[in-house]
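Worksheet: the structure to be examined is printed underneath.
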Amino acid sequence: QVQLVESGGGLVQAGGSLRLSCAASGRSFSTFDMGWFRQAPGKERDIVAAMRYNGITSYYADSVKGRFTISRDNAKNTLYLQMNSLKPEDTAVYYCAATYTRGTYNPVSNVYDYWGQGTQVTVSS
């Protein structure tokens, strides 16, 4: 069983920064492709960023490219999302997700096997 627990969300003014963390249980973290997703009220859940199991390849949605940075520390079983220059439209519940890595990296089409409970990020204007 794998459990994911997000933390680091909160209230921040536009232009500010937050760092989200996703702590994973189990021994297989280093074999997982990981992703961050977000869902605003009344909208679909969309991918924000993703990283392959080995940390070599990453993906960013166009809306966050240049502002957000995904990283991982396999020794700590933790995934991070550094969010800078936050905008009100970044307001959403942010979710961490994990899936067993595949031979070919396809972060958007991946069907993620494990999900965290989400952490609220609210950016005021």
Side-chain angles (χ1 to χ4, degrees):
Q1 177 169 275
V2 176
Q3 292 185 333
L4 305 173
V5 180
E6 302 96 335
S7 62
L11 299 171
V12 64
Q13 293 183 338
S17 298
L18 286 173
R19 190 193 195 197
L20 304 184
S21 297
C22 172
S25 67
R27 67 188 74 184
S28 300
F29 182 75
S30 63
T31 72
F32 290 156
D33 293 341
M34 302 293 296
W36 285 101
F37 293 74
R38 68 186 182 187
Q39 186 171 25
K43 296 187 177 181
E44 297 180 348
R45 184 175 298 184
D46 294 321
I47 192 167
V48 176
M51 176 169 280
R52 204 174 185 188
Y53 73 101
N54 57 15
I56 299 300
T57 307
S58 59
Y59 164 87
Y60 296 94
D62 289 342
S63 60
V64 307
K65 195 171 298 182
R67 299 188 297 122
F68 291 10
T69 302
I70 188 171
S71 62
R72 67 192 298 160
D73 187 339
N74 286 353
K76 297 181 178 180
N77 279 15
T78 303
L79 181 76
Y80 303 97
L81 184 68
Q82 178 66 46
M83 305 186 295
N84 298 327
S85 301
L86 283 163
K87 304 174 181 179
E89 50 263 43
D90 295 319
T91 296
V93 177
Y94 284 71
Y95 298 89
C96 173
T99 188
Y100 296 103
T101 191
R102 303 178 182 180
T104 302
Y105 190 49
N106 48 357
V108 176
S109 61
N110 274 352
V111 177
Y112 288 88
D113 301 300
Y114 307 103
W115 293 84
Q117 83 290 343
T119 185
Q120 176 70 48
V121 172
T122 302
V123 184
S124 65
S125 59

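Start at 1 with the first residue, then count along the sequence.
Checking Asp33 against Thr99 by side-chain atom types alone, no donor-acceptor pair falls below 3.5 Å. A donor-acceptor pair shorter than 3.5 Å cannot be found between the side chains of Thr91 and Glu89.
The line from CG of Leu20 to OG of Ser7 is 8.0 Å long, rounded to the nearest 0.5 Å. Here CZ of Arg67 is found 7.0 Å from OG of Ser85. Values are rounded to the nearest 0.5 Å. Residue Asn54 holds its CG atom at 9.0 Å from CG of Asn74, rounded to the nearest 0.5 Å. Expressed to the nearest 0.5 Å, how far OG of Ser21 lies from CG of Leu4 amounts to 12.5 Å. Atom CZ of residue Arg52 and atom CG of residue Asn106 lie 9.0 Å apart, to the nearest 0.5 angstrom.
Applying the disulfide (SG to SG under 2.5 Å) rule to pairs touching residues 47-117 yields Cys22-Cys96, sequence neighbours excluded. Residue pairs meeting the ring pair (Phe, Tyr, Trp, His ring centres under 6.0 Å) criterion with at least one partner in residues 67-111, sequence neighbours excluded, are Phe32-Tyr100.
Considering only heavy atoms from C-beta on, Leu18 stays 4.5 Å or farther from Leu81 through its side chain. No side-chain heavy atom of Arg102 sits less than 4.5 Å from a side-chain heavy atom of Thr104. Between Gln39 and Glu44, every side-chain heavy-atom pair lies at or beyond the 4.5 Å cut-off. You'll find the side chain of Met51 stays beyond 4.5 Å of the side chain of Tyr59, heavy atoms only. In this structure, the side chains of Gln117 and Glu6 come closer than 4.5 Å at one or more pairs of heavy atoms. When side chains are defined from C-beta on, Asp46 does not count as touching Phe37, because their heavy atoms never get closer than 4.5 Å.
For the pair Tyr60 and Ala49, the tightest heavy-atom approach, listed with the atom from each and the gap, is CD2-CB, 3.7 Å. Closest heavy-atom contact between Ser58 and Ile70: CB-CG2, 4.0 Å. Looking at every heavy atom in both residues, Pro88 comes nearest to Ser125 through CG-CB, 3.8 Å. Of all heavy-atom pairs between Tyr53 and Thr31, the closest is CB-C, 3.7 Å. Nearest heavy atom pair, residue Ser30 against residue Arg72, reads CA-NH2, 4.3 Å.
By the side chain to side chain contact (heavy atoms under 4.5 Å, CB included) test, Gln82 pairs with Ser17, Arg19, Thr69, Asn84, sequence neighbours left out.
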### salt bridge (Lys or Arg N to Asp or Glu O under 4.0 Å) evaluation trace for Lys87 with Asp90
CA-CA 5 Å; Lys87 304 174 181 179; Asp90 295 319; over 6 Å; no

### Task
Kindly indicate, with the supporting measurements, whether the criterion side chain to side chain contact (heavy atoms under 4.5 Å, CB included) is fulfilled by Gln13 and Val123.
CA-CA 5 Å; Gln13 293 183 338; Val123 184; over 6 Å; no

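Put simply, Ile47 and Leu86 are part of two different groups of oily side chains (I, L, V, M, F, W, Y) that touch within less than 4.5 Å, one to the next. By the rule that hydrophobic residues join a cluster once side-chain heavy atoms approach within less than 4.5 Å of another member, Trp115 and Phe29 end up as members of separate clusters. Hydrophobic clustering, with ILVMFWY side chains joined whenever heavy atoms are under 4.5 angstrom apart, groups Val93 together with Tyr112.
Proximity of a side-chain donor or acceptor of Thr122 to a complementary backbone N or O of Leu11 within less than 3.5 Å is not detected.
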